[in-house]
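What follows is a short report on a single structure.
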Amino acid sequence: MTVLKPAQFLMIPGPTPVPPAILEILARHPIGHRSTEMSAIIGDVTQQLKELGETEADALILTGSGTMAMEAAIINTISPGDKVLCLVNGVFGARWVKVAQAYGAQVVTLESVPGTAIDVDQLANHLAQDKDKSIKVVIVTHNETSTGVMNDIRRIAHLVKKHGALSIVDAVTSFAAVRIPIDEWMVDVLVTGSQKALMLPPGLSIVFFGQRAWAAQATAKTHKFYLDLARCKKSSDANTTPFTPNVSFICALQKSLQLIKEEGISKVQNRHLTMKTMLRAGLRSMGLKLLVDDENASPTITAILPPGKITVAEIRKALKEDYNIIVADGQEDLQGKIFRIGHMGYVFERDILMTIACLDAILKKMGHANLSELSISAALQAGLKTNEQSVK
Ligand SMILES: Cc1ncc(COP(=O)(O)O)c(C=O)c1O
């Protein structure tokens with residue numbers, strides 16, 4: 001028996017909601033991957049990705065999730081034994097350590113407490129002490145999904161460039177939601193995935209690979225075949241891929257990039273900023289504590305501490321059962337200690353207001369003494385203010 005319920009509201013940090021126009025393309029019959037139509041689409045998507053990343057670097061489209069793109073970035077830049085500095089302030093930063101170690105890198109880490117940002121001054125000291133330039137690669141997660149912290153890539157990548165190492169940036173949960181001028185910031189390699197602000201289901205990833213990265217690729221001795229980016233580039237330059245890609249997803253990505261362009265790239269970025277400030281204002285007015293301070297808070301993910309004796313499991317269960325809204329638990333050490341609301345991609349102010357109102361309602365039912373009458377108006381006011389301040 002099917003019980004009629006409100007539509008599911010996916011407020012997790014990915015996969016994110018998919019617009020109907022993209023779903024419609026995904027439902028179409030696949031086209032031939034060597035057809036002229038497909039080549040035209042690959043050429044257009046590649047060009048649009050470069051525009052979005054404000055870069056002349058190659059934009060290589062890979063079939064596989066974000067972690068596969070992370071692996072591609074590693075195996076195309078390092079040789080076993082190379083020293084790699086991983087900047088770690090959460091679960092995804094720590095994943096890079098595991099990937100690099102799996103390929104024989106000598107990994108050193110610079111860590112910040114989850115919920116805080118990478119300390120850029122500490123990084124500057126660390127790099128200054130590396131007099132013999134033994135560090136070959138520095139890896140950083142732009143938006144640490146496990147906590148909702150945004151690291152300062154502009155400053156970090158500049159420092160790395162000055163040192164002479166290669167910078168690899170994980171922008172899986174920031175690309176397309178946040179402005180990342182790859183060339184201006186001097187980022188050498190940047191990876192992202194389809195199931196976040198690009199509004200597609202999981203399954204595609206993109207690696208931006210710049211000139212300095214290609215120089216490293218030419219001498220990197222790590223074994224590779226499917227993820228040999230030199231082979232991918234050769235095909236990409238001819239508007240194709242070395243092997244059969246997920247053609248349906250690439251067609252859908254073309255639609256996604258078109259939707260972003262039609263809305264306006266800076267408008268999309270401003271929308272994410274507005275959603276962040278609205279959500280934070282609404283949550284605070286309920287008396288809830290946020291894990292990350294305003295300065296380092298991500299525009300795409302917000303981590304919240306459960307109030308009083310109410311547990312994360314109870315909050316997630318009630319939101320799902322009463323309103324069919326899905327929010328995420330904390331990960332690893334933060335499991336049960338925080339819950340995370342994702343607000344990226346096909347998510348709008350309405351969705352933020354609805355989430356605040358429903359959270360407010362379930363907390364009230366659970367006896368949380370909050371100032372909830374104010375939560376929606378607090379959110380609205382914060383949204384208006386952010387909209388006024390946003391660059392047009
Ligand atoms: C920052 C970050 N990096 C990497 C990944 C890994 O991507 P995937 O799960 O698509 O392999 C994720 C996934 O959520 C992420 O948030």
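- Atom CD of Gln8 is surrounded by more than 12 heavy atoms from other residues, nucleotides or ligands within 6.0 Å.
- More than 12 heavy atoms of other residues, nucleotides or ligands sit less than 6.0 Å from atom CD of Glu24.
- Between Phe175 and Phe208, the angle of the ring planes lies from 30° to 60°, which puts this pair in the tilted group.
- Note: the hydrophobic cluster containing Phe92 does not contain Val140 (ILVMFWY, side chain heavy atoms under 4.5 Å, direct or indirect links).
- Side-chain contact check for Asn143 and Thr300: at least one donor-acceptor pair (N or O, by modelled atom type) lies under 3.5 Å.
- Of the possible donor and acceptor atoms, none in the side chain of Asn296 sits under 3.5 Å from a partner among the backbone N and O of Thr116.
- With contacts defined as side-chain heavy-atom distances shorter than 4.5 Å, the pair Pro242/Cys232 qualifies.
- Here the straight-line distance linking atom CG of Leu288 with atom CZ of Arg280 works out to 12.0 Å at 0.5 Å rounding.
- Residues passing the salt bridge (charged side-chain N to carboxylate O under 4.0 Å, His left out) test with Glu111, sequence neighbours excluded: none.
- A distance of 6.0 Å or more separates the ring centres of Tyr323 and Phe9.
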Under 3.5 Å, side-chain donor or acceptor atoms of residues 247-259 against the rest of the protein: list the pairs with distances, not counting sequence neighbours.
| from | atom 1 | to | atom 2 | distance (Å) |
| --- | --- | --- | --- | --- |
| Gln254 | NE2 | Asp44 | OD2 | 2.8 |
| Ser256 | OG | Leu198 | O | 2.7 |
| Gln258 | NE2 | Glu262 | OE2 | 3.2 |

Without placing hydrogens or testing angles, list every side-chain donor-acceptor pair under 3.5 Å for residues 60-82, not counting sequence neighbours.
| from | atom 1 | to | atom 2 | distance (Å) |
| --- | --- | --- | --- | --- |
| Thr63 | OG1 | Asn246 | N | 2.9 |
| Thr67 | OG1 | Arg95 | NH1 | 2.8 |
| Glu71 | OE2 | Tyr103 | OH | 2.3 |
| Asn76 | OD1 | Gln217 | NE2 | 2.7 |
| Asn76 | OD1 | Leu229 | N | 3.0 |
| Asn76 | ND2 | Ala72 | O | 2.8 |
| Asn76 | ND2 | Leu227 | O | 2.8 |
| Thr77 | OG1 | Ala73 | O | 2.7 |
| Thr77 | OG1 | Ile74 | O | 3.2 |
| Ser79 | OG | Lys221 | N | 2.9 |
| Asp82 | OD2 | Ser79 | N | 2.9 |

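- Side chains of Ile265 and Ile260 form a contact here, defined as non-hydrogen atoms less than 4.5 Å apart.
- Contact check for Asp170 versus Ile139: no side-chain heavy atoms found under the 4.5 Å cut-off.
- Checking side-chain atoms of Lys289 against main-chain N and O of Pro307 turns up no donor-acceptor pair under 3.5 Å.
- Below 30°, between 30° and 60°, or above 60°: for His142 and Trp185 the angle between ring planes is above 60°, a perpendicular geometry.
- Looking only at distances, a side-chain donor or acceptor of Asp228 sits under 3.5 Å from a matching main-chain atom of Ala230.
- Take Asp132 and apply the salt bridge (charged side-chain N to carboxylate O under 4.0 Å, His left out) test, not counting sequence neighbours, and it matches no residue.
- Under a cut-off of 6.0 angstrom, the local environment of NZ in Lys234 is sparse, with at most 12 non-hydrogen atoms contributed by other residues, nucleotides or ligands.
- Val88 and Leu85 are not part of a single hydrophobic cluster, where members link through side-chain heavy atoms under 4.5 Å apart.
- When atom types are taken as modelled, the side chain of Lys5 and the backbone of Asn324 share no donor-acceptor pair closer than 3.5 angstrom.
- Linking ILVMFWY residues whenever their side-chain heavy atoms come closer than 4.5 Å, directly or via other members, leaves Ile12 and Leu359 in distinct clusters.
- Side chain of Ser167 to backbone of Asp188: a donor-acceptor contact under 3.5 angstrom is found.
- The salt bridge (charged side-chain N to carboxylate O under 4.0 Å, His left out) search around Lys261 returns Glu51, not counting sequence neighbours.
- Distance OG1/Thr46 to CD1/Ile41: 11.5 Å, rounded to 0.5 Å.
- Expressed to the nearest 0.5 Å, how far CE of Met186 lies from NZ of Lys161 amounts to 5.0 Å.
- Thr240 places no side-chain N or O within donor-acceptor distance of the main-chain N or O of Ser235, the cut-off being under 3.5 Å.
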For this session: Begin from the C-alpha positions of His163 and Ile135 and carry the test side chain to side chain contact (heavy atoms under 4.5 Å, CB included) through to its verdict.
Result: CA-CA 9 Å; His163 166 279; Ile135 298 168; 4.1 Å; yes
Exercise. Going through the distances and angles, do Thr241 and Arg34 end up as a side chain to side chain contact (heavy atoms under 4.5 Å, CB included)?
Worked result: CA-CA 9 Å; Thr241 52; Arg34 300 289 178 220; 4.2 Å; yes
Problem set entry | Verdict with supporting geometry, Asp58 and Asp237, side chain to side chain contact (heavy atoms under 4.5 Å, CB included) | CA-CA 9 Å; Asp58 289 283; Asp237 286 346; 3.9 Å; yes
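- Between Val160 and Leu166, every side-chain heavy-atom pair lies at or beyond the 4.5 Å cut-off.
- If you chain together hydrophobic residues whose side chains sit under 4.5 Å apart, Val187 and Val172 never meet in one group.
- For NZ of Lys365, the number of neighbouring non-hydrogen atoms (other residues, nucleotides, ligands) closer than 6.0 Å is greater than 12.
- Between His33 and Pro245, some side-chain heavy-atom pair lies under the 4.5 Å cut-off.
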In residues 347-358, what donor-acceptor pairs under 3.5 Å come from side-chain atoms, sequence neighbours left out?
| from | atom 1 | to | atom 2 | distance (Å) |
| --- | --- | --- | --- | --- |
| Asp351 | OD2 | Phe348 | N | 2.8 |
| Thr355 | OG1 | Asp351 | O | 2.7 |

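- No side-chain heavy atom of Asp183 sits under 4.5 Å from any side-chain heavy atom of Glu54.
- Remark: side-chain polar atoms of His343 are paired, donor with acceptor, to backbone N or O of Pro299 under 3.5 angstrom.
- Between Arg155 and Asp121, at least one side-chain N (NZ, or NE/NH1/NH2) sits under 4.0 Å from a carboxylate O, which counts as a salt bridge.
- In this structure the side chain of Leu127 reaches within 4.5 angstrom of the side chain of Val138, judged on heavy atoms.
- With values rounded to the nearest 0.5 angstrom, Gln195 atom CD is found 9.5 Å from Thr173 atom OG1.
- Not a single donor-acceptor pair under 3.5 Å links the side chain of Asp294 to the backbone N or O of Ala297.
- Within a 6.0 Å radius of CG in Asn125, more than 12 heavy atoms belonging to other residues, nucleotides or ligands are found.
- More than 12 heavy atoms of other shown residues, nucleotides or ligands fall within 6.0 angstrom of atom NZ in Lys224.
- The closest donor-acceptor contact from the side chain of Thr311 to the backbone of Glu314 lies under 3.5 Å.
- At a threshold of 4.5 Å between non-hydrogen side-chain atoms, the residues Val149 and Leu291 do not count as touching.
- Note on Leu87 and Val169: same hydrophobic cluster, where clusters join Ile, Leu, Val, Met, Phe, Trp and Tyr whose side-chain heavy atoms are under 4.5 Å apart, directly or indirectly.
- In plain terms, the two heavy atoms of Thr145 and Pro13 that are nearest each other are CG2-CB, 3.6 Å.
- Atom CD1 of Ile362 and atom CG of Asp322 lie 7.5 Å apart (nearest 0.5 Å).
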For this session: Starting from the C-alpha separation in whole Å, work towards a yes-or-no answer on side chain to side chain contact (heavy atoms under 4.5 Å, CB included) for Leu363 and Ile315.
Result: CA-CA 8 Å; Leu363 289 177; Ile315 291 171; 4.2 Å; yes
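- Using modelled atom types, one side-chain atom of Arg340 and one backbone atom of Asp329 make a donor-acceptor pair closer than 3.5 Å.
- Atom-to-atom distance recorded for Ile182:CD1 and Leu52:CG is 8.5 Å, nearest 0.5 angstrom.
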